[in-house]
Amino acid sequence: MSVHAIAAVLSGQIRPGNRLTVQGWVRTRRDSKAGLSFIAVHDGSCFEPLQVVASAELPNYRSEVLHLTAGCALRVRGELVVSTGKGQAVELRADWIETVGGIEDPETYPVAPKPHSFEYLRTVAHLRPRTNSIGAVARVRHSLSQAVHRFLHERGYFWVHTPIITASDCEGAGALFRVSTLDGVNPPRTPEGGIDFAQDFFGRETFLTVSGQLNVEAYCLALSKVYTFGPTFRAENSNTSRHLAEFWMIEPETAFADLHANADLAEALLKFMFRALLDERADDLAFFAQRIDKTCIQRLERMVNAPFERMEYGEAIRILEKAGETFEFPVRWGVDLQSEHERYLTERHVGRPLVLINYPKEIKSFYMRLNDDGRTVAAMDVLAPGIGEIVGGSQREERLVVLDARLDEMGINKTAYNWYRDLRRYGSVPHAGFGLGFERTVSYATGMSNVRDVIPFPRTPRSADF
RNA sequence: UCCCCAGUAGCUCAGUCGGUAGAGCAGGUGACUGUUAAUCACCGGGUCCGUGGUUCGAGUCCGCGCUGGGGAGCCA
């Protein structure tokens with residue numbers, strides 16, 4: 001008799017009357033007056049557990065079944081039958097139940113069948129995937145990841161595996177984690193007294209990447225359409241519900257594309273991801289809508305059906321100036337938008353995702369293409385209600401002269417970027433790309449308010465357990 | 001990093017005016033003719049975050065530290 005995933009059983013692939021085996025973990029056990037027990041068995045293949053009906057006639061009913069508690073691992077054999085109870089269409093009438101792994105001390109098992117706070121669950125990150133919420137998040141992450149690859153693959157994009165270890169000490173974003181094999185207590189010294197990184201593993205200072213963008217641009221200018229999807233690292237002391245020291249980012253890069261094509265791609269990608277999620281994970285989304293965020297399904301449906309608002313930075317400033325709001329940070333042309341400003345624009349002014357374009361060059365990175373007005377760059381941010389920026393991107397500066405001027409202006413050492421500048425020397429073309437923060441996207445889709453709960457093992461300042 | 005708040009049973013929390021500890025859930029035992037966060041009865045369960053101080057006496061008041069949360073900055 002074959003073993004089946006509970007997802008296959010509950011989706012109707014197995015008809016009542018068939019005999020089968022399932023394997024999974026106990027969620028709850030309810031004993032009935034009739035001298036039988038109902039065991040909710042969960043194997044993670046879908047949101048719902050399968051109800052197993054265990055009768056007192058089972059040889060191990062009193063010795064084992066009546067002692068099953070949340071978390072016990074089971075193998076159950078029986079016949080699938082139409083349920084006479086209300087909560088489920090079918091159930092497994094067991095004729096054999098085997099405890100594969102028991103619970104050492106049920107009283108202190110950390111994932112009791114009761115509501116837990118997410119703060120507490122983070123302290124048991126190795127066990128929290130057994131909960132409804134974190135299990136659902138894991139399946140949502142999978143669906144969204146697969147959708148990213150499917151969408152970009154179908155549009156002719158190649159997945160490029162850019163390096164995790166980088167020597168660029170200024171990729172334009174955030175503080176870096178050093179990668180080193182030197183003795184941390186007593187490192188080799190230069191004559192000047194500094195640490196002698198020439199003796200380090202790579203013969204120079206190296207770091208964990210903060211973005212695959214610069215590397216993926218090199219492949220863009222050969223394969224035309226490329227993307228990265230991998231982990232990135234920021235050593236910033238950010239203590240918020242939207243930041244992680246290790247997070248995942250999707251970075252498409254398109255040759256012969258301008259900012260508008262770039263924004264089109266970002267919008268189409270997000271819509272494809274959320275459409276796929278609505279199609280594939282209705283069970284998990286129903287849970288998020290019921291327990292986490294009542295509006296999450298309608299938010300996703302609205303997002304996939306309505307065009308994103310597009311707005312010039314200058315227009316956004318005018319709207320904020322006329323808003324009649326008292327902002328903590330005053331608004332004028334040239335300032336970077338603060339959380340309160342983004343929130344006003346997305347949540348109050350347009351009420352849905354907003355693409356802001358053409359920012360002042362002073363507040364953006366060196367690689368963004370200078371516009372003809374000489375004071376703005378072809379940058380874009382996608383702002384989502386509730387979480388703020390989920391996409392940041394730009395058309396890249398493809399003109400070597402202009403790029404060099406920008407590097408000089410910002411006091412960046414050009415020689416460190418010689419390989420990047422080569423891309424502008426040899427067959428340079430207009431190109432554009434963006435970074436999509438994966439955890440923020442999962443957070444937006446599920447209504448989970450802290451990104452630490454949408455990544456399996458979160459890394460944040462002072463916290464890298466597990 | 002800054003501002004604010006919190007830390008008491010396995011978990012979520014209450015604890016009044018400073019007088020040596022409570023509930024719900026979870027767990028154990030039992031009852032109940034199909035349960036759905038089952039119900040009912042009984043039972044076990046405490047480094048009151050740490051540290052120093054005030055006091056006859058501190059979970060409670062004060063200082064310092066640690067951890068967590070909310071917000072801000074930085075960003076995705």
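A note on names: the letters A, B, ... follow the listed sequences, proteins ahead of strands, and every chain is numbered from 1.
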Selection residues 119-140 of chain A - residue pairs positive for salt bridge (charged side-chain N to carboxylate O under 4.0 Å, His left out), sequence neighbours left out: A:R122-A:D453, A:R128-A:D453, A:R139-A:D284

Those residues that, when tested against A:R459, pass salt bridge (charged side-chain N to carboxylate O under 4.0 Å, His left out) (two or more places apart): none

Nearest-Å distance for atom pair CG/P, residues A:N239 and B:rC3: 13 Å

All pairs passing salt bridge (charged side-chain N to carboxylate O under 4.0 Å, His left out) where residues 381-394 of chain A contributes a residue, at least two apart: A:K364-A:D381

Check: A:Y444 ring centre within less than 6.0 Å of A:F274 ring centre: yes

Distance, rounded to the nearest Å, where A:K364 contributes NZ and B:rC74 contributes P: 11 Å

Touch class at under 4.0 angstrom, heavy-atom based, for A:V391 against every strand present: sugar-phosphate

Pairs where residues 349-359 of chain A contributes a residue and the test salt bridge (charged side-chain N to carboxylate O under 4.0 Å, His left out) is met, not counting sequence neighbours: A:E309-A:R352

Touch class at under 4.0 angstrom, heavy-atom based, for A:P110 against every strand present: nothing

More than 12 heavy atoms of other groups within 6.0 Å of A:H126 NE2: yes

Selection: residues 338-353 of chain A, any non-hydrogen atom under 4.0 Å of RNA chain B: A:Q338, A:S339, A:R343

B:rU54 glycosidic torsion: syn (within 90° of 0) vs anti: anti

Spacing of the P atoms in B:rU47 and B:rU33 (rounded, Å): 41 Å

Spatial distance of atom CG (A:L244) from atom OG1 (A:T460) [nearest 0.5 Å]: 7.5 Å

C1' spacing across the pair B:rG44 / B:rG10, given as an integer number of angstrom: 13 Å

A:F329-A:H341 aromatic ring centre distance below 6.0 Å: no

Nearest-Å distance for atom pair NZ/C1', residues A:K114 and B:rA9: 12 Å

Touch class at under 4.0 angstrom, heavy-atom based, for A:R27 against every strand present: nothing

What protein N or O atoms touch nucleotides 43-50 of chain B N or O atoms at under 3.5 angstrom, if any, and at what distances?
unit_1: B:rG44; atom_1: N2; unit_2: A:E107; atom_2: OE1; d: 3.1
unit_1: B:rG44; atom_1: N2; unit_2: A:E107; atom_2: OE2; d: 2.1

Worked verdict on A:E362 versus A:R375 for side-chain contact (heavy atoms from CB on, under 4.5 Å): CA-CA 8 Å; A:E362 286 77 15; A:R375 63 175 197 158; 5.7 Å; no

Separation of B:rC11 C1' from A:Y109 OH (nearest whole Å): 14 Å

Atom CZ of A:R291 with >12 non-hydrogen neighbours under 6.0 angstrom: no

Under 4.0 Å protein heavy-atom contacts per nucleotide of nucleotides 29-42 of chain B, with B for base, S for backbone only and - for none: S--BSBBB-B----

Inter-nucleotide P distance (B:rA41, B:rU54), Å rounded: 49 Å

Partners meeting side chain to side chain contact (heavy atoms under 4.5 Å, CB included) with A:V111 (sequence neighbours left out): A:Y109, A:L127, A:T131

A:N371 and A:T376 side chains, donor-acceptor separation under 3.5 Å: yes

Toward the 5' end of RNA chain B, by each residue's nearest nucleotide, A:P106 or A:M249: A:P106

Donor + acceptor pair across side chains of A:Y219, A:T162 (<3.5 Å): no

Distance between P atoms of B:rU35 and B:rA21 (Å, rounded): 43 Å

P-based separation of B:rG15 from B:rC74 [nearest Å]: 39 Å

Spacing of the C1' atoms in B:rC2 and B:rU16 (rounded, Å): 35 Å

Donor-acceptor side-chain pairing of A:S32 and A:R30 below 3.5 angstrom: no

Sorted by number, the residues of residues 116-140 of chain A with heavy-atom contact under 4.0 Å to RNA chain B: A:H116, A:S117, A:E119, A:Y120, A:R122

Complement of B:rG63, any strand, by Watson-Crick or G-U distances under 3.5 angstrom: B:rU51

Any donor-acceptor N/O pair under 3.5 Å between B:rC75 base and A:S238 side chain: no

A:I363 CD1 - B:rC74 P separation (whole Å): 10 Å

Reference residue A:F233; test side chain to side chain contact (heavy atoms under 4.5 Å, CB included); the match among A:V210, A:L208, A:L176: A:L208

Inter- and intrachain pairs under ring-ring contact (aromatic ring centres under 6.0 Å, His included), touching residues 62-94 of chain A, at least two apart: none

B:rA6 versus B:rC61 - spacing of their P atoms, nearest Å: 10 Å

Touch class at under 4.0 angstrom, heavy-atom based, for A:S241 against every strand present: sugar-phosphate

Between B:rG71 (C1') and A:H243 (NE2): distance, integer Å: 13 Å

Nearest-Å distance once atom P is located in both B:rC25 and B:rC42: 13 Å

Residue A:R452, side-chain atoms from C-beta onward, closest of B:rA72, B:rG69, B:rC11: B:rG69

Sugar-phosphate, base or nothing in reach of A:L436, heavy atoms under 4.0 Å: nothing

Partner residues of A:H4 under the side chain to side chain donor-acceptor pair (under 3.5 Å) criterion, sequence neighbours left out: A:S2

Interatomic distance where CZ belongs to A:F327 and P belongs to B:rG73 [whole Å]: 13 Å

Residue whose nearest RNA chain B nucleotide is more 5′ - A:F438 or A:A112: A:A112

Enumerate the protein-to-nucleotides 4-6 of chain B contacts in which both atoms are nitrogen or oxygen and the separation is below 3.5 Å.
none

Carboxylate-amine/guanidinium contact A:E321 A:R332, below 4.0 Å: no

Rounded distance in Å - CD (A:E246) to C1' (B:rC75): 17 Å

From A:M303 atom CE to A:L270 atom CG, the distance as rounded to the nearest 0.5 Å: 4.5 Å

Touch class at under 4.0 angstrom, heavy-atom based, for A:D105 against every strand present: nothing

